[in-house]
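Basis for what follows: all heavy atoms, side chains included, without hydrogens, waters or symmetry-related copies.
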Amino acid sequence: MAGVAQVEVVVAHHECATLRVGDVFLKIDGDQARTDVEVEAMAMAPIPTPEVLWRKPPVLALAALPGTPLARLGEPSTTPPAAWAAAGAAVRMLHDAPLPPWPGRSLDGIASHLDAECEWLIANDVLPAGLVTRNRQVAEAALRPWTPVFMHGDLQVAHVFVDGDEITGVIDWTEAGQGDALFDLAILTLGHEEHLGDVVAGYGADVDLDVIRAWWSLRSLQAIRWLVEHGFDPFTPGCEVDVLRARL
């Protein structure tokens, strides 16, 4: 890192921050339990992940991955369909791996959180009540028992790196745990519905598309307050609010 001319702030809010210094990413997180999960999950995952260079709490240093993000939420994807299919295949490898030893979120906890967020969105006039109510109805299909898999838990397109049509790695494992396979597929395709077929083809198994769509609604409803409070804009075209509007 000697001689690096600049430091790039990748993301920063009151919970954590990620900086890039040359080819090294520095993740600073006051909650070391999240970092513990990330390090252990990356060690267990059967797919490429960033190399851990060193860890000195509250800082975790990771090597940069080659390639570029699969896509970005709110922007048209220029990545070929084969890369999306490769992402689906990588997710299947993860889901077929042995479960991590720590549990994921409970179904009751997810439902309770969803209801609280819907109430907040309506009470604070963030979204029209009809939009919230309709998407809460759609989200109900996701609230069913599932067979747990090794789930990434935050598989946004920006967290999957590709070079051509090959996956070079997946980042940000702090939400990893036991969970619903279709949640990962939903987060990967959130805002990029046109590539759902490519991802499912690469995944190589029959999936319930209605449940994936339900997770799109549920994730968006749950995320909006956090995004607003942390300085992000879910009203940006193609982002969470547009995902909800698409369900009308």
Are the side chain of Ser106 and the backbone N or O of Gly109 linked by a donor-acceptor pair below 3.5 Å? yes
Could you check whether any side-chain N or O of Thr79 sits under 3.5 Å from a backbone N or O of Leu70, counting only pairs where one atom can act as donor and the other as acceptor? yes
From [X] [atom1] over to [Y] [atom2], what is the distance, rounded to the nearest 0.5 angstrom?
{"X": "Glu117", "Y": "Glu119", "atom1": "CD", "atom2": "CD", "result": "9.5 Å"}
{"X": "Leu65", "Y": "Thr49", "atom1": "CG", "atom2": "OG1", "result": "8.0 Å"}
{"X": "Phe150", "Y": "Leu99", "atom1": "CZ", "atom2": "CG", "result": "9.0 Å"}
{"X": "Glu75", "Y": "Cys239", "atom1": "CD", "atom2": "SG", "result": "8.5 Å"}
{"X": "Asp233", "Y": "Ile224", "atom1": "CG", "atom2": "CD1", "result": "10.5 Å"}
{"X": "Ile110", "Y": "Leu114", "atom1": "CD1", "atom2": "CG", "result": "9.5 Å"}

Decide yes or no on side chain to side chain contact (heavy atoms under 4.5 Å, CB included) for His95 and Asp184, but give the supporting numbers first. CA-CA 9 Å; His95 291 171; Asp184 270 350; 2.9 Å; yes
Step-by-step side chain to side chain contact (heavy atoms under 4.5 Å, CB included) determination, Leu26 to Leu60: CA-CA 6 Å; Leu26 303 177; Leu60 174 67; over 6 Å; no
How about [X] and [Y]: do any of their side-chain heavy atoms sit closer than 4.5 Å?
{"X": "Asp96", "Y": "Arg92", "result": "yes"}
{"X": "Leu218", "Y": "Glu140", "result": "no"}
{"X": "Ile187", "Y": "Arg219", "result": "yes"}
{"X": "Gln178", "Y": "Trp146", "result": "no"}
{"X": "Phe183", "Y": "Met151", "result": "yes"}
{"X": "Thr35", "Y": "Thr174", "result": "no"}
{"X": "Val160", "Y": "Pro69", "result": "no"}
{"X": "Lys27", "Y": "Leu62", "result": "yes"}

Judged by modelled atom types alone, do [X] and [Y] share a side-chain donor-acceptor pair under 3.5 Å?
{"X": "Glu175", "Y": "His152", "result": "no"}
{"X": "Thr189", "Y": "Trp84", "result": "no"}
{"X": "Trp215", "Y": "Asp180", "result": "yes"}
{"X": "Asp172", "Y": "His159", "result": "yes"}
{"X": "Gln156", "Y": "Asp154", "result": "yes"}

Cluster overlap [X] with [Y], hydrophobic side-chain contacts below 4.5 Å:
{"X": "Val243", "Y": "Leu227", "value": "no"}
{"X": "Leu155", "Y": "Leu209", "value": "yes"}
{"X": "Ile171", "Y": "Ile47", "value": "no"}
{"X": "Val11", "Y": "Val24", "value": "no"}
{"X": "Val52", "Y": "Val170", "value": "yes"}

Crowding at CG, Asp206 (>12 non-hydrogen neighbours, <6.0 Å): no
Please indicate whether Glu166 has more than 12 foreign heavy atoms, meaning atoms of other residues, nucleotides or ligands, lying under 6.0 Å from its CD. no
Given Gln222 and His113, is the side chain to side chain contact (heavy atoms under 4.5 Å, CB included) satisfied, shown in steps? CA-CA 7 Å; Gln222 286 189 333; His113 182 209; 3.3 Å; yes
Please find the pair of heavy atoms, one from [X] and one from [Y], that lie closest to each other, and give the distance.
{"X": "Pro100", "Y": "Met44", "result": "CA-CE, 3.5 Å"}
{"X": "Asn135", "Y": "Ser217", "result": "OD1-OG, 2.7 Å"}
{"X": "Asp163", "Y": "Thr168", "result": "CB-CG2, 3.6 Å"}
{"X": "Val211", "Y": "Ala142", "result": "CG1-CA, 4.2 Å"}
{"X": "Pro101", "Y": "Glu40", "result": "CG-OE2, 3.7 Å"}
{"X": "Ala64", "Y": "Arg20", "result": "CB-NH2, 3.6 Å"}

Verdict with reasoning, Phe25 to Leu19, per side chain to side chain contact (heavy atoms under 4.5 Å, CB included): CA-CA 6 Å; Phe25 284 89; Leu19 311 177; over 6 Å; no
Which of these passes side-chain contact (heavy atoms from CB on, under 4.5 Å) with Ser220: Glu240, Arg247, Arg245? Glu240
Check the pair Arg55 / Gln32 against side chain to side chain donor-acceptor pair (under 3.5 Å), numbers first and verdict last. CA-CA 11 Å; Arg55 182 181 180 186; Gln32 287 306 290; 2.9 Å; yes
Ring pair (Phe, Tyr, Trp, His ring centres under 6.0 Å) assessment of Trp216 paired with His192: CA-CA 11 Å; Trp216 287 341; His192 291 280; over 10 Å; no
Using distance only, find each side-chain donor-acceptor pair of residues 125-132 under 3.5 Å and give its atom names and separation, not counting sequence neighbours.
none

